[in-house]
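To keep things clear, I will list the structure first and then write my remarks on it.
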Amino acid sequence: MNLPYYSSFSPSPGLAFLSLEDAFEVLAESSEFREMEGPCLAFRRAASVLKSLPWAVQSLGATRDLPCLGEHTKAVMEEVLQCGRSFEVEKILSDERYQTLKLFTSVFGVGPKTAEKWYRRGLRSFTDVLADRGIHLNRMQQSGFLHYGDITRAVSKAEARSLRNVIDEAVRAVSPAATLALTGGFRRGKEFGHDVDFIVTTPEPGREKSLLPNVINGLKKQGILLFCEYQASTFDTAKLPSYRFEAMDHFAKCFLILRLEASQVEGGLHCAEGDGRGWRAVRVDLVSPPMDRFAFALLGWTGSRQFERDLRRFARVTQRMILDNHGLYDKTKAASAHFQCIGQSGEPFELRAEPESGVRRIGAADRQGRHPVTAVSRQALPGGQ
DNA sequence: ATTGGTGC
DNA sequence: CTTTTGGC
DNA sequence: AAAAGC
């Protein structure tokens, strides 16, 4: 197993200059570990707003008209712009609890609760965790440790393209009429990602239930399935919108770790220096909504996380609607009349989401003559429910 | 059966 | 001043 | 922590 060195943010002063985005990400993460949800969100927004700018901020004056930046964030910015470091950020980076929780949560299958549990047991390293006879790792965490080096390594665009071919072949063998769409960060145009996300749907009635299980079987037969957690659909149009407190959508989906052969990647694998295996493990997610929900699923899974959050808040507070991965609902219509998206019987639309920006994104896009959200049309269902 | 993990 | 922040 | 609501 490849253990990480503490590399992401070097606490050694003078060497690594901190970017403003990184500084806010550290503050956000620290707030998250301390269960301060408000400050966490505020720092995430600050980071997101700076990321959305076409230029790098070089002076405090340039941030005068930007939203989501207040007293605290501007004080940090002043420090970082002045000398490339922040006292508060460095204090966090040198904090043992922060370092340990950051390390533990970097393992696939380990979230804040589990990381905290291990920390309270006095564990401080992977060696500590793996040597502790009282710790039982679930299947996901076992895979997380087993493939740690590979799945913490960034996935390149070329690797994502290659995986598209692999998935496309497996899908086509099951349902030739199926639609496969790349989502997540790579759909947003990113050069690197931590995984590769796809949405797969079939117009063939009755096929949707067996589609994902059959695709998974195909990958298994190829011998490239290193890990699979399959979640069957719990989607039910009669129960929309869902009032239950649930983070995830109800579509059939699977969280995979696949073996990707170097020979299938144009320009080779994104791998470590002396890695002669000729393959690497990659995290892949497949989501399979019913065809008529394709657009909403695509919108929801294209991200970014901050964009999804802001978009839903925008739908609620200014449009008086509820948006989720399953649909768009008008709160002002009786009995939660529900709105359908184009593409029910025909072509799913091309979503032009442009995430990675802050709360002002929609307005900014409009000013530039782009309309990232207008693809979701207000076409009422017959009968109106 | 519940918690915590998975995701954008 | 209090409330809201993905009624994920 | 920042913004919105009262």
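Chain letters run A, B, ... following the sequence lines, proteins first, then strands; residues in each count from 1.
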Can you check the A:Met321 CE to C:dC8 P distance for me, whole Å? 19 Å
Can you tell me which residue among A:Phe104, A:Phe227, A:Phe126 is in a ring pair (Phe, Tyr, Trp, His ring centres under 6.0 Å) with A:Phe145? A:Phe126
Smallest separation among heavy atoms of A:Arg207 and A:Val174, with atom names: NH1-O, 2.7 Å
Upstream residue (5' side of DNA chain B) when A:Trp301 and A:Val110 are each assigned their closest nucleotide: A:Val110
On DNA chain C, nearest-nucleotide positions of A:Ala247 versus A:Leu41: which is more 5'? A:Leu41
Per atom distances to the A:Asp195 side chain, the nearest of D:dA2, B:dT6, B:dC8 is B:dC8
Between atom CD in A:Glu37 and atom C1' in C:dT4, what is the gap in whole Å? 12 Å
Expressed in whole Å, how much space separates the C1' atoms belonging to B:dG5 and C:dC8? 16 Å
Does OP1 or OP2 of C:dG6 have a side-chain N or O of A:Arg309 closer than 4.0 Å? yes
For B:dG5, the nucleotide meeting Watson-Crick or G-U wobble distances (both under 3.5 Å) is none
Roughly how many Å apart are B:dC8 and C:dT5, using the P atom of each and rounding to a whole number? 23 Å
By nearest-nucleotide position on DNA chain C, the 5'-leaning member of A:Ala42 and A:Asp324 is A:Ala42
Closer than 4.0 angstrom, basic N to acidic O: yes or no for A:Asp275 and A:Arg277? yes
Give one of base, sugar-phosphate or nothing for A:Gly38, where a contact means two heavy atoms less than 4.0 Å apart. base
What is the distance from CD of A:Glu71 to P of D:dA2, rounded to the nearest Å? 7 Å
Nearest whole Å is fine: how far is C:dT5 P from A:Phe314 CZ? 16 Å
For D:dA2, take OP1 and OP2 only and decide whether either is under 4.0 Å from a side-chain N or O of A:Thr73. yes
Whole-Å distance between B:dT6 C1' and A:Leu286 CG? 13 Å
After noting the C-alpha distance and the side-chain angles of A:His326 and A:Phe251, does the key distance pass the ring-ring contact (aromatic ring centres under 6.0 Å, His included) rule? CA-CA 8 Å; A:His326 317 100; A:Phe251 301 135; 4.9 Å; yes
Residues A:Asp285 and A:Trp301: side-chain donor-acceptor under 3.5 angstrom: no
Any idea which of B:dT6, B:dC8, B:dG4 is nearest the A:Thr114 side chain? B:dG4
When all nucleic acid strands are considered with a 4.0 Å heavy-atom cut-off, which category describes A:Asn325: base, sugar-phosphate, or nothing? nothing
Let's see if you can work this out: which of B:dG5, B:dC8, C:dG6 has an atom nearest to the side-chain heavy atoms of A:His194? B:dC8
Among B:dG5, C:dT5, D:dA1, which is the nearest nucleotide to the side chain of A:Lys113? B:dG5
Please report, rounded to the nearest Å, how far the P atom of D:dA4 is from the CG atom of A:Asp310. 12 Å
When rounded to the nearest 0.5 Å, the distance separating CD of A:Glu169 from CZ of A:Arg164 is 12.0 Å
Expressed in angstrom and rounded to an integer, what is the separation of A:Lys117 atom NZ from B:dT3 atom C1'? 9 Å
A:Arg283 side-chain N/O to B:dG7 phosphate OP1/OP2 under 4.0 Å: yes
Can you tell me which nucleotide in D:dA1, B:dC8, B:dG5 comes closest to the side chain of A:Glu229? B:dG5
Rounding to an integer number of Å, can you tell me how far A:Met248 CE sits from B:dC8 C1'? 8 Å
From the list D:dA1, B:dC8, B:dG7, which nucleotide is the closest neighbour of the side chain of A:Arg305? B:dC8
